[in-house]
Amino acid sequence: MKSYREELWFETTSRRAYLNITPQVEAAVKKSGVREGLVLVNAMHITASVYINDDEPGLLHDYDEFLERIAPHEARYRHNDTGEDNGDAHVKRQIMGREIVVAVTGGKLDFGPWEQIFYGEFDGRRRKRVLIKVIGE
Amino acid sequence: MKSYREELWFETTSRRAYLNITPQVEAAVKKSGVREGLVLVNAMHITASVYINDDEPGLLHDYDEFLERIAPHEARYRHNDTGEDNGDAHVKRQIMGREIVVAVTGGKLDFGPWEQIFYGEFDGRRRKRVLIKVIGE
Amino acid sequence: MKSYREELWFETTSRRAYLNITPQVEAAVKKSGVREGLVLVNAMHITASVYINDDEPGLLHDYDEFLERIAPHEARYRHNDTGEDNGDAHVKRQIMGREIVVAVTGGKLDFGPWEQIFYGEFDGRRRKRVLIKVIGE
């Protein structure tokens, strides 16, 4: 069994951002040498997500509006009593998820026609990481 | 390490549908010959989900009502300016999730008493796919 | 390839509870002898979650309040016509997720600074299980 590990680093200029990281994950799978296996991609921070959906600007706007509607930044969060102001980001991240697992087949991401991997940032403007772990043969 | 790949195809007659696909996943695990490992089952389209819960008609109705309440089909979505009418389906899919990963133990899905695998369709009436990938030994 | 399987059992005294199970998962990874691989941790019941976030009491309160706001226990659920009273728990579990997959690197959980694994119980006061499955080398 082969395994491969890589970290991606981000520092967004806005509080919330949605970044297409598919090329970086494809490159990591290639470097891994794995032909058949699984790749895990996860946020290493608890106010960010990795998820799979369409790379369409209108949709990214819809996601942002939906998340802000059901967990507004300005609402009251007990977590913010600790001095943080990111209670909403912990909720938004749970809805969008922490991680994705993708099949590797023939050395490539085994994807449907529109699948793209996104880093969803809900409390940015600081350096944060994503982990890529590939296992297989 | 063994690996096995299979696609399931669906074309639902309604926009939204919830289909129990546990027997197909069980059959794929059997065909894989894997005794100990993991099976990944994911929607290959971005307006559909694979999730695990109970096969009870009232619950499927509750899920559908819940999803339609928090992301109604008839609401305004920026994504629909592209000519699509499935902005809601992209949101519903994020809530229910893209994929599940299940342990394979002794050649079988390692499940609790009520776990069943569902394909959740939120923009049907077209041919769409689910990917099954089994790895292990 | 090595594989290892372990069950954790819980019986919470309240209907809803959020338990940090990171030490148990760390111990299982150590027992597995796996140095490089993946660990799957999933609820075996369909009204409970395994998720990763911060171990901060205010945040646990915020999660509970958020889940109760969007899927209240006292609302009307078709599922409850079966004689159950846990329709809300099936919805809450979908939002928080069934499972997490974590990279194992150098024999340890490959975690960011604040990641902690939680068992989220939404219909407790009975014996329920979590499955840990480790695969790798």
Side-chain angles (χ1 to χ4, degrees), chain A residues 1-7 9 32 34 37-51 67 69-72 75-84 86-102 123 126-137, chain C residues 1-3 18 22 34-42 49-71 91-118 120 134-137:
Chain A
M1 205 197 75
K2 281 178 184 166
S3 75
Y4 177 80
R5 179 192 192 277
E6 186 174 322
E7 287 180 6
W9 285 83
S32 76
V34 169
L38 297 176
V39 54
L40 166 72
V41 189
N42 67 267
M44 298 185 79
H45 298 258
I46 52 191
T47 52
S49 290
V50 173
Y51 73 91
L67 293 168
R69 173 161 58 84
I70 63 169
R76 160 100 180 102
Y77 297 93
R78 195 78 69 90
H79 180 59
N80 291 353
D81 294 346
T82 62
E84 300 275 0
N86 62 7
D88 66 307
H90 288 273
V91 178
K92 288 172 168 119
R93 122 68 175 260
Q94 286 310 118
I95 293 162
M96 295 300 274
R98 167 187 180 261
E99 79 219 6
I100 52 104
V101 178
V102 180
D123 184 33
R126 58 179 99 174
R127 279 170 59 73
K128 291 166 80 171
R129 282 180 292 164
V130 161
L131 176 65
I132 303 172
K133 184 91 178 187
V134 194
I135 68 161
E137 270 184 351
Chain C
M1 206 196 74
K2 281 179 186 166
S3 75
Y18 305 86
T22 315
V34 169
R35 302 285 302 168
E36 300 295 325
L38 297 176
V39 55
L40 166 72
V41 189
N42 68 267
S49 290
V50 173
Y51 73 90
I52 288 176
N53 216 295
D54 197 3
D55 192 353
E56 194 280 300
L59 180 65
L60 302 182
H61 180 274
D62 293 334
Y63 279 152
D64 199 64
E65 201 168 80
F66 169 73
L67 294 168
E68 183 61 13
R69 173 162 57 84
I70 62 168
V91 178
K92 287 172 168 117
R93 121 68 174 260
Q94 286 310 117
I95 294 162
M96 295 301 274
R98 167 188 180 261
E99 79 219 7
I100 52 102
V101 177
V102 180
V104 177
T105 302
K108 296 195 171 167
L109 295 172
D110 196 336
F111 264 168
W114 300 100
E115 291 190 277
Q116 295 287 314
I117 305 171
F118 275 83
V134 193
I135 69 161
E137 269 183 353

From CG (C/D110) to CZ (A/R5), nearest 0.5 Å: 4.0 Å

C/Y51 OH to A/Q94 CD distance, which is reported to the nearest 0.5 Å: 6.5 Å

Please state whether the side chain, the backbone, both or neither of [X] comes within less than 4.5 Å of a heavy atom of chain C.
| X | answer |
| --- | --- |
| A/D81 | neither |
| A/V101 | side chain |
| A/A43 | backbone |

Residue pair C/G112 / A/R129: nearest heavy atoms and the distance that separates them: CA-NH2, 4.2 Å

Residue pair A/H90 / C/D54: nearest heavy atoms and the distance that separates them: CE1-CB, 4.2 Å

Backbone N/O of C/N53 and side chain of A/R98: donor-acceptor pair under 3.5 Å: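 Side chain of A/R98 to backbone of C/N53: no pair is present.
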
Under 3.5 Å: donor-acceptor pair, side chain of A/R78, backbone of C/L60: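 No, the answer is negative, given that no donor and acceptor are paired below the 3.5 Å cut-off.
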
Using heavy-atom distances under 4.5 Å, tell me whether [X] contacts chain A through its side chain, its backbone, both, or neither.
| X | answer |
| --- | --- |
| C/M96 | both |
| C/V104 | backbone |
| C/I70 | neither |
| C/F66 | side chain |

Verdict with reasoning, A/T82 to C/E56, per side-chain contact (heavy atoms from CB on, under 4.5 Å): CA-CA 9 Å; A/T82 62; C/E56 194 280 300; 3.5 Å; yes

Contacts of residues 130-137 of chain A with chain C (heavy atom under 4.5 Å):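 Residues of residues 130-137 of chain A touching chain C at under 4.5 Å: A/L131, A/K133, A/I135.
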
Which of C/T105, C/I95, C/L67 touches chain A most, by non-hydrogen pairs under 4.5 Å: C/T105

For chain C, the option from A/H79, A/E7, A/K128 that forms the most heavy-atom pairs under 4.5 Å: A/H79

Among A/N42, A/L40, A/I46, residue most engaged with chain C (heavy-atom pairs, under 4.5 Å):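 Highest number of pairs under 4.5 Å: A/I46.
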
